[in-house]
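These notes concern the structure reproduced below.
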Amino acid sequence: MKKISVIGSGMTGISQITKDGFEVINNSKIVLWIGSILGLSDYLLEKNISCENLSHLYKDGGFDVDNYVRIIDCLMTNLHSYSNICLVVPGHPRVGVTIVQLLQQRSKEDGFEFRCYPGISSFDAMINDLGIDPLEEGVGIVDANRLIIYDYAMEPCVNYFIYHVCSVGNANTDYSSPHKNNKISYLKNKLLKHYAPENKIFLLSASVDNSGEPDKIEGSINNLDELFLNITYRHTLYIPALLPSKDRVNFEFLNEIGAI
Ligand SMILES: C[S@@+](CC[C@H](N)C(=O)[O-])C[C@H]1O[C@@H](n2cnc3c(N)ncnc32)[C@H](O)[C@@H]1O
């Protein structure tokens with residue numbers, strides 16, 4: 001049976017690809033990748049593994065869905081020629097990579113094997129940069145567009161990591177100037193339903209080059225427009241957890257477990 005394996009490269013390039021990931025890469029007939037993955041092309045050249053960077057299929061200003069179709073079509077063409085292909089994507093393949101979900105669906109329809117190998121995600125990198133344990137206050141990790149479309153209830157006492165804030169209400173991939181067509185007033189209005197205008201928020205970009213230096217830009221919901229002038233495709237909006245008010249504390253439970 002033909003097979004596609006998807007590997008998460010982690011955040012800092014091939015130094016974060018797992019041993020399992022390398023085993024798959026070394027045994028694939030061709031390795032394809034999307035995005036910037038430090039050291040990958042050098043490694044593949046050195047090992048004499050057939051390879052191709054598919055990032056050019058992700059067109060700046062292109063319609064998101066067209067980009068996905070181009071990439072899936074290219075993968076299917078490769079699968080036709082080779083029995084066993086590998087796709088490497090930045091971070092974790094299960095975090096925000098539509099193509100991976102589409103491929104999984106396609107494997108059921110077309111009858112090829114699909115395997116997915118985890119990598120260190122931007123979420124992992126951000127909690128490490130921030131020095132927080134997500135279980136202490138809890139976290140909400142959400143896509144900005146779905147947050148607005150479904151008007152999800154937000155709980156300000158947990159930390160929020162809002163993904164894809166570079167493309168609010170914009171179905172185009174404007175990676176060279178993401179702030180231009182970003183409909184951030186929708187996000188601002190959504191956040192104002194749950195937070196005070198002066199609530200602190202941060203645009204966060206975990207380091208991708210081993211320098212260990214994340215980008216953390218502070219703003220408030222009030223000045224979201226100004227803050228978003230700095231936005232890139234590598235920024236997530238982080239809203240730190242607020243302390244719950246005393247009237248929310250379950251003193252009966254605390255008493256029952258002997259904590260007070
Ligand atoms: C298409 S998703 C891919 C995420 C990737 N698969 C991962 O595991 O991190 C892109 C979104 O991930 C987030 N992201 C990507 N790189 C990041 C970084 N270096 N720091 C923080 N967030 C990042 C942003 O929210 C961006 O809109």
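None of the values given here were measured: they were computed from a predicted structure. Ligands are counted one by one from 1 in listed order, and the atoms in each one are counted from 1 as well. Worth knowing before you read on, the calculation uses all heavy atoms, side chains too, and leaves out hydrogens, waters and symmetry mates.
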CE on M76 to CG on L103, rounded to 0.5 Å: 5.0 Å

query: Can you check whether S122 reaches Y163 side chain to side chain, under 4.5 Å on heavy atoms?
result: yes

task: Output yes when a side-chain donor or acceptor of N182 lies under 3.5 Å from a complementary backbone atom of V165, and no otherwise.
output: yes

task: Decide whether a cation-pi geometry holds between K2 and F112; the criteria are a distance under 6.0 Å from NZ or CZ to the six-membered ring centre and an angle within 45° of the ring axis.
output: no

Any donor-acceptor N or O pair under 3.5 Å, side chains H235, N230: no

Set of residues that line ligand 1, where lining means a heavy atom lies under 4.0 Å from it: M11, P90, G91, H92, V95, G96, V97, S121, S122, M126, Y163, H164, C166, L204, S205, A206, V208, Y233, R234, H235, T236

- request: Indicate, with yes or no, if the rings of F161 and F123 have centres closer together than 6.0 Å.
  value: yes

